[in-house]
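Each remark here refers to the structure printed beneath this line.
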Amino acid sequence: MFCETESEAAKANDPVLSGAYWGAWGAYVESVEKAGIFVSGAGLQPPHTATTLRIRDGQRHVQDGPFADTKEQLGGFFVINVPDLDTALQWAARSPAASAGSVEVRPVLPPMK
Amino acid sequence: MKLTGKFSLAALPLAALLIGLAGAPALRAEPYTIFLYESDADFAARADAQRGPAYWAAFAAYGDKLKAAGVLRGGAALQPGAQARSVQVRTGQRAVTKGAFAKSPISLGGYFIIDVPNLEAALSWAEQAPNAASGAVEVRPAYPVPGM
């Protein structure tokens, strides 16, 4: 899971910086694809586009914004199929987010489909 | 790429394709990610002899509903934050710390990616998630990984 600060995420739409931003991600995606390890994933629109929902006492409560109120926010995620944690950590470290933000690596249970 | 073959049927519901051809863009499906935030009690239920079967059955049923509706594009359960590692690379050095990036009594337990026309449709699905009453569900518009 790729976590970015707001200023890093803003590069995605910046007329000057977006080229390098997407260039780096495109190269990373290509390397993941070439390695044949990609299972699932998505890029996420910025945190302000999120909506958080809870049901309490049978009532639906909806709030604008992401669940986590942190400086670094989730910008995207991949699920990859690799033999062990160490290999997963290596892939995490290669992503642009590792240098600009942080990457959380978690074991995934077998996919539902 | 061969792995995308698994997703192509769910990712291109036939109804959306036909409507697209008929020129009704308002009904085109967009990807949304549903993040399932679960309480510590929910995580504990997973391996619990009493609560575990019902826990997994509820999520399997939810996934089946999404699949039957033709909106499911992907999804998985994650192991809890205690099994996470956070990776940062600074000045060429890799630092790995144990534990999730954000620690909280309600934390990320899984996700689904769905294709639906708008936020309200995504929220209608989000409120049916088994953890909506004990945790929280975040809905975020997404876009497919480029080139995948």
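So you know, we letter chains A, B, ... as the sequences are listed, proteins then strands, and number each from 1.
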For the residue pair Tyr37(B) and Thr52(A), confirm or rule out a side-chain donor-acceptor distance under 3.5 Å.
no

Under 4.5 Å to a heavy atom of chain B? For Ala100(A) that would be backbone

Verify the cluster assignment for Phe78(A) and Tyr143(B): are they in a single hydrophobic cluster under the rule of side-chain heavy atoms below 4.5 Å apart?
yes

Would you say [X] has more than 12 foreign heavy atoms packed within less than 6.0 Å of its [atom1]?
X: Gln59(A); atom1: CD; result: no
X: Asp69(A); atom1: CG; result: no
X: Glu6(A); atom1: CD; result: no

Please test Leu78(B) against Phe77(A) for side chain to side chain contact (heavy atoms under 4.5 Å, CB included), starting from the C-alpha separation and ending with a verdict.
CA-CA 12 Å; Leu78(B) 306 179; Phe77(A) 63 96; over 6 Å; no

Return the option, out of Thr97(B), Ile106(B), Val96(B), with the maximum number of heavy-atom pairs under 4.5 Å with chain A.
Ile106(B)

Looking at Ala122(B), Pro80(B), Gly110(B), Ala95(B), which one has more heavy-atom pairs under 4.5 Å with chain A than the rest?
Pro80(B)

How many angstroms lie between atom CD of Gln88(B) and atom CD of Glu72(A), to the nearest 0.5 angstrom?
6.5 Å

Between atom CZ of Phe59(B) and atom CG of Leu109(A), what is the distance when rounded to the nearest 0.5 Å?
11.5 Å

Within-4.5 Å side-chain heavy-atom neighbours: Arg140(B) and Pro47(A)
yes

Taking the six-membered ring for Trp and the full ring for Phe, Tyr or His, determine whether the centres of Phe35(B) and Phe67(A) are under 6.0 Å apart.
no

Could you tell me whether a side-chain N or O of Arg106(A) sits under 3.5 Å from a main-chain N or O of Gln83(B), the two making a donor and an acceptor?
no

Between the main-chain N or O of Ala98(A) and the side-chain N or O of Arg90(B), is there a donor-acceptor pair closer than 3.5 Å?
yes

With a 4.5 angstrom heavy-atom cut-off, which part of [X] approaches chain A: side chain, backbone, both or neither?
X: Leu108(B); answer: both
X: Arg85(B); answer: both
X: Val139(B); answer: both
X: Ser134(B); answer: backbone
X: Leu123(B); answer: both

From CA spacing to verdict: side chain to side chain contact (heavy atoms under 4.5 Å, CB included), Leu74(A), Glu138(B):
CA-CA 11 Å; Leu74(A) 202 51; Glu138(B) 176 183 325; over 6 Å; no

Residue among Arg60(A), Arg54(A), His61(A) with most heavy-atom pairs under 4.5 Å to chain B
Arg60(A)

Largest heavy-atom contact set with chain B, pairs under 4.5 Å, which of Thr49(A), Leu53(A), Val62(A):
Leu53(A)

